[in-house]
Amino acid sequence: MHTRRTVLAASLAAGLHAAGRSARASRLINETIDVGVVGPGGRGRWLMDRLRNVPGVRIVAVCDVWDEARAAGLKLADPRAAAFADLRKMLAETKLDAALVATPDHQHVPCSVACCEAGLDVYCEKPLTHTAAEGDRMIRAVRDNKRILQVGTQHRSMPHLAEARKLLQEGAAGEIYKVRMTWNRNNPGRGRAPQVDPSTVDWDLFLGDAPDQPFDSQRMRNWRWYWDFGGGIFTDLMVHWADTARWFLQPGEVSRAVSVGDHFTTAGLWETPDTVQTLLSFPASEDGAPGPQMHFEGTFANHRDRACTEFMGSKATLYVDRGRYELIPQHRSGVEPKERLEAPDKLRGLDFYDAVDGAKYHLENWVNCIRSREEPTCPVEEGVASADMAHAANAALPGRGRG
């Protein structure tokens, strides 16, 4: 028997071509791009605050299943913007050119596919997929409908990281053998979420195709740490550095993953571990040389090294974070040290630097590509492949076995 929720989930991303007819199919360079925002929560509003200041962009609709988030999103939109709880109604009742999708992870593909099939270009937050099985569907939706899709791994739009990548590809660090990635935080008290009035949430729409379950404020607000809706540290944080490593090295698909995870600060509260490590290996090159080893560690119990990646090569180590890169020569390598510090007065490895607004740069690239129809800096195939690295790490956790 079909419940209301399963009917909603089944129809969300299927057959919205009628709504697509209302979208303007092509953009002239001087026309305004009308955008609908799907999921104006904390991250969604962070992006909206930047997108609304991009020239030639107008946010004309917001869609969220929670009254509070919807009202907060409207404050950042055009004064005449419309508000919706149901994405299907937003697509059917508004004339949009593009959509910003910043929902919980399990809704990324259903919402993005629906928008692509409605004729919209899409900016989707990372990770692009909630499971590895969703990747092909997302790629087909973009390519079959000739859409521009930008995945929100914004490191690719940071100028200092683009410069660091060029150094690496020119051989400044020699052959890369190991990649060490970290995202460590000291925030053990973040586990419990505030209560939400269930009458203000359309819980059926929130669940989508997730397993049926009663309303739960904790799972709704802290969805990242519950398997039905997110994928924990690997998909929320590691995926940024995984995408950076792929962008720098193009190592191919993961051939083997070994992972561990534990609950040191969130036992009995989170489903996903609050402290993880994974070791990933990759296929050998055509000449038989082994692929690089990649290691990631993440925790909420200790912030040592914070958020950074090191590419360890035969001649040098290239250190990168969101505010700098440093080329550190090996002894007697003949390599000259080199660095670029975007925020020299700030600590290494911070989550954010005021001097480097990667989200702004990434959104600007997306808007430019909507106009030019060129590929964005992180197109759909790249987003799927980088998410797959995180899914491989999760699948290797003892007892998980999921893709």
Side-chain angles (χ1 to χ4, degrees), residues 43 47 98-102 105 108-109 111-113 115-116 120-166 168-169 176 179 181 183 231 234-255 257 280 282-283 291-292 294 296 309 311 320 322 358-370 372-394 403:
R43 179 62 183 176
L47 295 171
L100 169 63
V101 176
D105 294 355
H108 282 180
V109 167
C111 292
S112 295
V113 167
C115 291
C116 287
L120 309 186
D121 297 316
V122 176
Y123 183 108
C124 183
E125 257 302 299
K126 56 76 200 164
L128 180 55
T129 59
H130 184 224
T131 68
E134 294 178 309
D136 287 345
R137 178 188 175 201
M138 189 69 256
I139 292 171
R140 286 196 305 271
V142 172
R143 298 308 174 196
D144 290 352
N145 293 285
K146 296 180 173 57
R147 296 297 92 206
I148 299 296
L149 184 138
Q150 174 87 295
V151 183
T153 43
Q154 66 267 29
H155 291 179
R156 293 180 182 237
S157 292
M158 294 182 178
H160 74 285
L161 292 182
E163 185 175 304
R165 175 178 180 256
K166 187 171 184 290
L168 203 70
Q169 294 186 334
I176 303 301
V179 180
M181 305 175 282
W183 210 304
F234 288 139
T235 57
D236 191 55
L237 297 174
M238 185 189 93
V239 72
H240 279 296
W241 291 128
D243 185 68
T244 304
R246 287 193 61 263
W247 180 42
F248 279 34
L249 299 177
Q250 292 297 310
E253 297 181 1
V254 174
S255 57
L280 308 174
F282 295 83
M294 296 192 189
F296 173 85
T309 290
F311 296 89
V320 297
R322 287 181 159 184
K360 173 178 178 288
Y361 310 149
H362 214 45
L363 287 162
E364 289 172 340
N365 174 258
W366 176 55
V367 170
N368 289 339
C369 291
I370 290 174
S372 70
R373 311 314 292 173
E374 296 178 355
E375 284 283 74
T377 54
C378 191
V380 59
E381 290 86 0
E382 295 296 300
V384 167
S386 295
D388 281 350
M389 285 179 62
H391 298 323
N394 269 330

Exercise for review: Would you check if the side chain of Asp121 reaches a backbone N or O of Ile370 as a donor-acceptor pair within less than 3.5 Å?
Suggested key: no

**Study point:** Met294 vs Arg246 side-chain heavy atoms within contact, under 4.5 Å
**Key:** no

Point to revise | Side-chain donor/acceptor of Trp366 to backbone N/O of Thr377, under 3.5 Å | key: no

Check your understanding: Given the rule in the side chain to side chain contact (heavy atoms under 4.5 Å, CB included) test, do Arg165 and Leu161 qualify, once you have shown the distances and angles that lead to the verdict?
Key -> CA-CA 6 Å; Arg165 175 178 180 256; Leu161 292 182; over 6 Å; no

**Study point:** Check: Met138 and Val380 side chains under 4.5 Å, non-hydrogen atoms
**Key:** yes

Practice item. Report yes if some heavy atom in the side chain of Asp388 is under 4.5 Å from a heavy atom in the side chain of Val254; otherwise report no. Key: no

Exercise for review: Check for a donor-acceptor pair, side chain of His240 on one end and backbone N or O of His155 on the other, with a separation under 3.5 Å.
Suggested key: no

Point to revise | Gap between atom CD of Glu381 and atom CD1 of Ile139 - 0.5 Å precision | key: 5.0 Å

Check your understanding: How many angstroms lie between atom CZ of Arg373 and atom CG of Asn368, to the nearest 0.5 angstrom?
Key -> 12.5 Å

Check your understanding: Charged N to carboxylate O below 4.0 Å: is that the case for Lys126 and Asp105?
Key -> no

Review point. From Thr244 OG1 over to Met158 CE, what is the distance, rounded to the nearest 0.5 angstrom?
Key: 8.0 Å

Study note, to complete from the structure: For Cys116 and Ala141, the nearest pair of non-hydrogen atoms, with its separation, is CB-O, 3.7 Å

Study note, to complete from the structure: For Phe282 and Pro292 the tightest heavy-atom approach is CD1-O, 3.3 Å

Study note, to complete from the structure: The reported gap from CZ in Phe296 to CG in Leu237 (rounded to nearest 0.5 angstrom) is 6.0 Å

Check your understanding: Is the backbone N or O of Val239 less than 3.5 Å from a side-chain atom of Asp243, with the two atoms forming a donor-acceptor pair by type?
Key -> no

**Study point:** Atom pair CG (Asp136) and OG1 (Thr129), whose distance is rounded to the nearest 0.5 Å
**Key:** 10.5 Å

Review point. For the atom pair CZ (Arg43) and CG (Leu100), what is the distance rounded to the nearest 0.5 Å?
Key: 9.5 Å

Check your understanding: When you measure from the side chain of His108 to the backbone N and O of Val101, does any donor-acceptor pair fall under 3.5 Å?
Key -> no

Check your understanding: If you draw a 6.0 Å radius around CD in Glu163, do more than 12 non-hydrogen atoms from other residues or ligands fall strictly inside?
Key -> yes

Exercise for review: Check step by step if side chain to side chain contact (heavy atoms under 4.5 Å, CB included) holds for Leu47 and Tyr123.
Suggested key: CA-CA 10 Å; Leu47 295 171; Tyr123 183 108; 4.0 Å; yes

**Study point:** Under the side-chain hydrogen bond (donor to acceptor under 3.5 Å, both in side chains) test, residues paired with Lys146 that sit two or more places apart
**Key:** none

Check your understanding: If you look at every heavy atom in Val122 and Ser112, which pair is closest and at what distance?
Key -> CG1-OG, 3.8 Å

Check your understanding: Is the number of heavy atoms from other residues, nucleotides or ligands under 6.0 Å of Glu374 CD greater than 12?
Key -> no

Review point. How far apart are the C-alpha atoms of Thr153 and Glu382, what are their side-chain angles, what is the distance that settles it, and do they pass the side chain to side chain contact (heavy atoms under 4.5 Å, CB included) test?
Key: CA-CA 10 Å; Thr153 43; Glu382 295 296 300; over 6 Å; no

Practice item. May I ask you to decide if Cys378's main-chain N or O and Gln150's side chain share a donor-acceptor pair within less than 3.5 Å? Key: yes

Check your understanding: Considering all heavy atoms of both residues, which atom of Ala245 and which atom of Pro251 are nearest to each other, and what is their separation?
Key -> O-CD, 4.4 Å

Exercise for review: Indicate yes or no for a side-chain donor-acceptor contact from Asn365 to the backbone of Ser157 under 3.5 Å, with no hydrogens or angles considered.
Suggested key: no

Check your understanding: Between Arg137 (side chain) and Val109 (backbone), is there a donor-acceptor pair under 3.5 Å?
Key -> no

Check your understanding: Taking the side chain from His362 and the backbone from Val151, do they hold a donor-acceptor pair closer than 3.5 Å?
Key -> yes

Point to revise | Chi angles and distances behind the side chain to side chain contact (heavy atoms under 4.5 Å, CB included) call for Val320, Phe311 | key: CA-CA 8 Å; Val320 297; Phe311 296 89; 4.1 Å; yes

Point to revise | Validation row: Arg143, Pro379 side chains within 4.5 angstrom (heavy atoms) | key: yes

